[in-house]
Student: 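Okay, here's the structure, questions in a sec.
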Amino acid sequence: MENVETHPFEPWLPGNARLLMLGTFPPAEKRWSMPWYYPNYTNDMWRIFGYLYYGDKLYFVDEAHKTYRLDALKHFLKERGVALYDTCLRIRRTMGTAADKDLEVIEPADLDEMLRALPECQAVVTAGQLATHIFCTHYGIEDVKKMKMGDYREFTFEGRVLRLYRMPSSSRAYPMQLEKKAEYYQQMLTDCGLLTLH
């Protein structure tokens with residue numbers, strides 16, 4: 001099939017992960033500032049984590065090279081137990097963007113296999129409507145329209161009870177200040193035992 005893209009990154013699935021964060025699909029390579037998750041320099045995911053854990057939204061940012069400190073990020077996420085992937089394995093961009101409305105899902109990711117690889121995982125975060133819709137449809141969870149930002153729903157997978165959290169997108173196209181987005185992530189990370197409030 002023409003213009004079909006396969007996910008460019010390996011799933012990041014540390015065995016100790018208690019949290020799995022799922023987006024929809026990475027942006028086109030021309031928008032990357034590094035070859036990894038949330039690679040767009042104007043995406044605020046890694047600024048949110050720097051802000052929450054180190055009180056510095058630039059902690060993981062390499063301003064001089066307009067990229068992120070990838071080795072520091074990987075070390076941090078492995079140590080904290082945070083897994084990363086996306087809900088789509090193969091897509092077609094209908095308009096050349098990474099916006100959900102411009103993605104045609106050709107093949108979803110194997111969500112069951114990811115959760116099997118993460119025996120300690122207690123919670124899943126989906127950022128963005130399409131990622132949330134794909135996940136909710138797969139597991140028969142009440143769809144996104146009934147979940148408010150910051151809400152969670154419990155679901156069962158092979159005898160395990162997990163939570164699905166709906167978080168604001170870290171893309172700057174989503175109109176909310178970084179500090180306000182961070183409040184939602186702070187509550188979720190605290191719930192998961194991954195962040196201790198001082």
Side-chain angles (χ1 to χ4, degrees), residues 1-13 17 19-48 67-68 70 73 77 82-118 121 123-153 155 157-158 162-176 181 184-185 188:
M1 282 187 284
E2 213 176 320
N3 300 324
V4 171
E5 294 178 46
T6 298
H7 202 293
F9 310 138
E10 288 293 313
W12 174 257
L13 305 174
L19 173 67
L20 171 61
M21 295 178 56
L22 295 171
T24 306
F25 198 83
E29 189 171 351
K30 65 184 177 185
R31 299 189 185 280
W32 299 359
S33 69
M34 64 173 179
W36 214 54
Y37 296 93
Y38 305 100
N40 190 326
Y41 190 68
T42 58
N43 187 294
D44 282 329
M45 183 60 76
W46 305 128
R47 290 176 184 85
I48 290 169
T67 186
Y68 298 98
L70 183 53
L73 263 175
L77 294 168
V82 178
L84 303 168
Y85 200 54
D86 287 305
T87 52
C88 296
L89 180 64
R90 297 169 76 232
I91 57 97
R92 181 185 289 115
R93 297 182 202 276
T94 60
M95 299 296 288
T97 78
D100 282 355
K101 65 182 175 51
D102 297 334
L103 296 182
E104 177 190 352
V105 180
I106 303 298
E107 183 181 349
D110 190 338
L111 301 172
D112 291 350
E113 201 53 44
M114 271 185 267
L115 289 179
R116 287 187 193 112
L118 300 170
C121 186
V124 177
V125 161
T126 51
Q129 287 189 326
L130 183 55
T132 305
H133 175 76
I134 290 168
F135 196 90
C136 287
T137 301
H138 182 76
Y139 289 107
I141 305 167
E142 240 176 63
D143 203 356
V144 62
K145 293 181 177 73
K146 296 183 182 169
M147 284 178 76
K148 293 183 184 145
M149 203 58 70
D151 276 0
Y152 70 84
R153 296 282 185 271
F155 68 100
F157 172 70
E158 295 183 350
L162 296 93
R163 288 180 173 184
L164 171 70
Y165 284 86
R166 183 174 175 223
M167 289 287 113
S169 170
S170 53
S171 166
R172 291 189 188 168
Y174 187 81
M176 183 186 285
K181 291 180 184 183
Y184 288 105
Y185 282 85
M188 176 273 298

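Here the structure is a predicted model, which is why all the values come from computation and not from measurement.
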Student: What's the verdict on side-chain contact (heavy atoms from CB on, under 4.5 Å) for Leu115 and Glu158, showing C-alpha distance, side-chain angles and the deciding distance?
Tutor: CA-CA 10 Å; Leu115 289 179; Glu158 295 183 350; over 6 Å; no
Student: Kindly give the heavy-atom pair with the smallest separation between Arg163 and Tyr152, and that separation in Å.
Tutor: NH2-OH, 2.9 Å
Student: Are Trp12 and Tyr37 near enough that their ring centres are under 6.0 Å apart?
Tutor: no
Student: Mind checking side chain to side chain contact (heavy atoms under 4.5 Å, CB included) for Arg31 and listing every partner two or more places apart, or none if nothing turns up?
Tutor: Pro27, Asn40
Student: Check the pair Arg153, Tyr139 against side-chain contact (heavy atoms from CB on, under 4.5 Å), reporting the backbone distance first and the verdict last.
Tutor: CA-CA 11 Å; Arg153 296 282 185 271; Tyr139 289 107; over 6 Å; no
Student: Compare all side-chain heavy atoms of Leu164 with those of Arg166 and state whether any distance is below 4.5 angstrom.
Tutor: no
Student: Does any part of the side chain of Tyr165, heavy atoms only, come nearer than 4.5 Å to the side chain of Asp151, both counted from C-beta?
Tutor: no
Student: Residues two or more places apart in sequence or in another chain: which of them pass side chain to side chain donor-acceptor pair (under 3.5 Å) with Tyr185?
Tutor: none
Student: Which heavy-atom pair separates Tyr41 from Thr67 by the least distance, and what is that distance?
Tutor: CE1-N, 3.4 Å
Student: For residues 94-108, which residue pairs qualify under salt bridge (Lys or Arg N to Asp or Glu O under 4.0 Å), counting only residues two or more places apart or in two chains?
Tutor: Arg90-Glu107, Arg92-Glu104
Student: With a 4.5 Å heavy-atom cut-off, do Leu20 and Leu84 have their side chains touching?
Tutor: no
Student: For Val124 and Leu22: C-alpha separation, side-chain torsions, deciding distance, then whether side-chain contact (heavy atoms from CB on, under 4.5 Å) applies.
Tutor: CA-CA 7 Å; Val124 177; Leu22 295 171; 3.8 Å; yes
Student: For the residue pair Met167 and Met188, establish whether any side-chain heavy-atom pair is separated by less than 4.5 Å.
Tutor: yes
Student: With sequence neighbours excluded, tell me which residues meet side chain to side chain donor-acceptor pair (under 3.5 Å) with Glu29.
Tutor: none
Student: Would you mind reporting whether Val105 and Ile134 have side-chain heavy atoms less than 4.5 Å apart?
Tutor: yes
Student: Please check if the side chain of Ser33 supplies one atom and the backbone of Pro39 the other of a donor-acceptor pair under 3.5 Å.
Tutor: yes
Student: I want to check something: taking the side chain as every heavy atom from C-beta on, are Arg93 and Asn3 in contact at a cut-off of under 4.5 Å?
Tutor: no
Student: Should the ring pair Phe9 and Trp32 be called parallel, tilted or perpendicular, given that the plane angle runs from 0 to 90° and is split at 30 and 60?
Tutor: tilted
Student: Going by atom types alone, do Arg47 and Tyr68 pair a side-chain donor with an acceptor below 3.5 Å?
Tutor: yes
Student: Does His138 have any side chain to side chain contact (heavy atoms under 4.5 Å, CB included) partners at least two apart in sequence or in another chain, and if so, which?
Tutor: Leu111, Asp112
Student: Is the closest side-chain heavy-atom distance between Thr87 and Pro108 below 4.5 Å?
Tutor: no
Student: Identify the two heavy atoms, one from Pro8 and one from Phe25, that lie closest to each other, and give their separation to 0.1 Å.
Tutor: CD-CZ, 4.3 Å
Student: Would you call Thr24 and Asp86 a side-chain contact if the rule is heavy atoms closer than 4.5 Å?
Tutor: no
Student: Just verifying a value: how many Å separate Tyr184 OH and Lys148 NZ, rounded to the nearest 0.5 Å?
Tutor: 10.5 Å
Student: Pairs of donor and acceptor atoms involving the side chains of residues 168-176, under 3.5 Å and at least two apart or interchain, shall be tabulated with distances.
Tutor:
unit_1: Ser169; atom_1: OG; unit_2: Ser171; atom_2: N; d: 3.1
unit_1: Ser170; atom_1: OG; unit_2: Asn43; atom_2: OD1; d: 2.7
unit_1: Ser170; atom_1: OG; unit_2: Asn43; atom_2: ND2; d: 3.4
unit_1: Ser171; atom_1: OG; unit_2: Ala173; atom_2: N; d: 3.0
unit_1: Arg172; atom_1: NE; unit_2: Thr42; atom_2: O; d: 3.0
unit_1: Arg172; atom_1: NE; unit_2: Asp44; atom_2: OD1; d: 3.2
unit_1: Arg172; atom_1: NE; unit_2: Asp44; atom_2: OD2; d: 3.2
unit_1: Arg172; atom_1: NH2; unit_2: Asp44; atom_2: OD1; d: 3.0

Student: Considering all heavy atoms of both residues, which atom of Phe135 and which atom of Thr126 are nearest to each other, and what is their separation?
Tutor: CB-CG2, 4.0 Å
Student: Measuring from atom OH of Tyr85 to atom CG of Leu118, what distance do you get when rounded to the nearest 0.5 angstrom?
Tutor: 13.0 Å
Student: With rounding to the nearest 0.5 angstrom, report the CG to SG distance, Leu130 to Cys88.
Tutor: 5.5 Å
